[in-house]
Amino acid sequence: MWGGRTGALLRVWGLWPAGVLGRRPLSCNAASLAGSNSPQCWNCGGPGGPMRGDGFFCPQCRALQPPDPTRDYFSLMDCNRAFRVDTAKLQTRYQDLQRLVHPDFFSQRSQTEKDFSEKHSTLVNDAYKTLLAPLSRGLYLLKLHGVEIPEGTDYEMDRQFLMEIMEINEKLAEAQSEAAVKEIESVVRAKQNELTDNVSRAFEQGSLVDVDLRSHV
């Protein structure tokens with residue numbers, strides 16, 4: 001079951017502002033899917049888009065096809081659906097996709113392809129930004145599992161966590177040397193790595209309820 005200390009775990013890692021987890025079934029079909037069960041190329045009528053995989057173009061006439069609204073960001077960016085991602089691979093994938101679909105490469109094409117390139121490029125940008133940052137990546141994973149985060153709500157932050165943050169802030173304010181600051185940074189980084197492992201493991205197991213936050217702070 002998803003819930004419990006999900007927010008606390010991500011927030012301790014420095015990932016999540018205040019918010020409350022809410023359950024709401026997620027529809028992976030963003031908007032309505034244009035076309036029939038056997039999609040055809042909008043240009044030549046042959047087997048075509050919306051294209052899945054990396055076939056962004058009709059194999060017959062090479063016209064750019066519309067984005068596949070059923071495809072999630074992980075699939076688009078060729079990443080495993082997990083909290084941990086290879087950011088170097090993610091960046092390479094982003095650059096490769098933009099070289100395929102960026103509007104600059106469609107200035108001499110039809111208006112339809114120009115419109116599709118804008119949509120593809122925006123989608124690629126959104127996917128890249130979402131998966132690059134741990135916070136947005138974690139929240140997107142939760143969303144794919146049917147867990148939504150209502151905005152404008154308060155989440156009761158763990159008291160011990162607040163004390164830890166206050167202590168760290170005090171140590172930073174009192175630090176008299178660069179070495180002292182680096183020592184604090186080292187401690188924080190170690191905790192981040194430890195909590196990252198906890199969050200990643202919780203996603204893999206499909207449950208965050210049993211994770212004891214206090215034992216990792």
Side-chain angles (χ1 to χ4, degrees), residues 2 10 15-16 19 22-151 199-200 203-204 206:
W2 294 85
L10 291 174
L15 302 178
W16 196 349
R23 279 189 168 276
R24 189 174 71 188
L26 173 72
S27 172
C28 291
N29 293 330
S32 61
L33 176 60
S36 63
N37 292 331
S38 299
Q40 295 180 327
C41 172
W42 62 270
N43 185 52
C44 71
M51 301 301 291
R52 292 169 175 78
D54 286 341
F56 290 92
F57 300 88
C58 172
Q60 308 299 324
C61 68
R62 302 305 299 167
L64 181 66
Q65 301 300 296
D68 177 6
T70 68
R71 194 176 190 184
D72 66 57
Y73 289 167
F74 288 96
S75 173
L76 177 63
M77 303 308 291
D78 194 25
C79 294
N80 293 329
R81 189 183 286 192
F83 184 67
R84 289 185 181 275
V85 301
D86 186 334
T87 55
K89 178 183 176 182
L90 177 65
Q91 183 175 17
T92 299
R93 173 69 170 174
Y94 167 76
Q95 294 170 343
D96 289 344
L97 289 180
Q98 287 294 13
R99 279 192 285 267
L100 281 177
V101 301
H102 195 278
D104 287 350
F105 300 117
F106 291 84
S107 60
Q108 304 302 316
R109 306 292 284 270
S110 68
Q111 186 60 48
T112 299
E113 287 182 280
K114 290 179 182 179
D115 292 341
F116 287 158
S117 70
E118 289 279 358
K119 292 178 180 179
H120 276 295
S121 184
T122 298
L123 185 61
V124 170
N125 279 330
D126 290 344
Y128 175 69
K129 292 176 181 178
T130 297
L131 300 188
L132 183 64
L135 167 60
S136 53
R137 186 193 315 139
L139 296 182
Y140 183 67
L141 265 176
L142 289 175
K143 187 177 180 181
L144 292 178
H145 282 87
V147 180
E148 296 278 5
I149 312 299
E151 296 183 0
V199 173
S200 182
F203 275 117
E204 292 171 359

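Only heavy atoms go into these numbers, but all of them, side chains included; no hydrogens, no water, no symmetry mates.
- Atom CG of L141 sits about 8.0 Å away from atom CG of L131, to the nearest 0.5 Å.
- Take F106 and apply the ring-ring contact (aromatic ring centres under 6.0 Å, His included) test, not counting sequence neighbours, and it matches no residue.
- Atom CZ of residue F203 and atom CZ of residue R84 lie 12.5 Å apart, to the nearest 0.5 angstrom.
- Few gaps surround NZ on K114; more than 12 heavy atoms of other groups in view lie less than 6.0 Å from it.
- Around atom CD of Q111, more than 12 heavy atoms belonging to other residues, nucleotides or ligands sit under 6.0 Å away.
- Residues P59 and P47 come closest through the heavy atom pair CD-O, 3.6 Å.
- Of the inter-residue distances, the one linking T87 atom OG1 with Q91 atom CD reads 8.0 Å to the nearest 0.5 angstrom.
- A donor-acceptor pair under 3.5 Å links the side-chain atoms of H102 to the main chain of D104, judged by distance alone.
- Under the 3.5 Å distance criterion, the side-chain polar atoms of R137 are matched with a main-chain donor or acceptor of F83.
- Summarising the geometry of P69 relative to P67, their closest heavy-atom pair is CD-O, 3.2 Å, with the distance given to 0.1 Å.
- F116 and W42 have perpendicular rings, their planes meeting at more than 60° on a 0 to 90° scale where under 30° would count as parallel.
- Looking at N125 and Q98, their side chains come closer than 4.5 Å, going by heavy atoms from C-beta outward.
- Between Y94 and L90 the shortest side-chain heavy-atom distance does not fall below 4.5 Å.
- At least one side-chain heavy atom of L97 sits less than 4.5 Å from a side-chain heavy atom of M77.
- With rounding to the nearest 0.5 Å, the separation of OG1 in T112 from CD in Q65 is 10.5 Å.
- Heavy-atom minimum distance, V101 versus S121: CG2-N, 4.1 Å.
- Using modelled atom types, one side-chain atom of T130 and one backbone atom of D126 make a donor-acceptor pair closer than 3.5 Å.
- Side-chain atoms of R93 come within 3.5 Å of backbone atoms of L76 as a donor-acceptor pair (strictly under, hydrogens ignored).
- A pairwise comparison of heavy atoms in N43 and A63 identifies CB-CB, 3.8 Å as the closest pair.
- Contacts of D72 classified as side-chain contact (heavy atoms from CB on, under 4.5 Å), with partners at least two apart in sequence or in another chain: F74, S75, R81, Y140, L144.
- With contacts defined as side-chain heavy-atom distances shorter than 4.5 Å, the pair L100/H120 does not qualify.
- Contact record, R109 with R62: NH2-O, 3.2 Å, taken as the closest heavy-atom pair.
- Here D96 pairs with R99 under the salt bridge (charged side-chain N to carboxylate O under 4.0 Å, His left out) rule; sequence neighbours left out.
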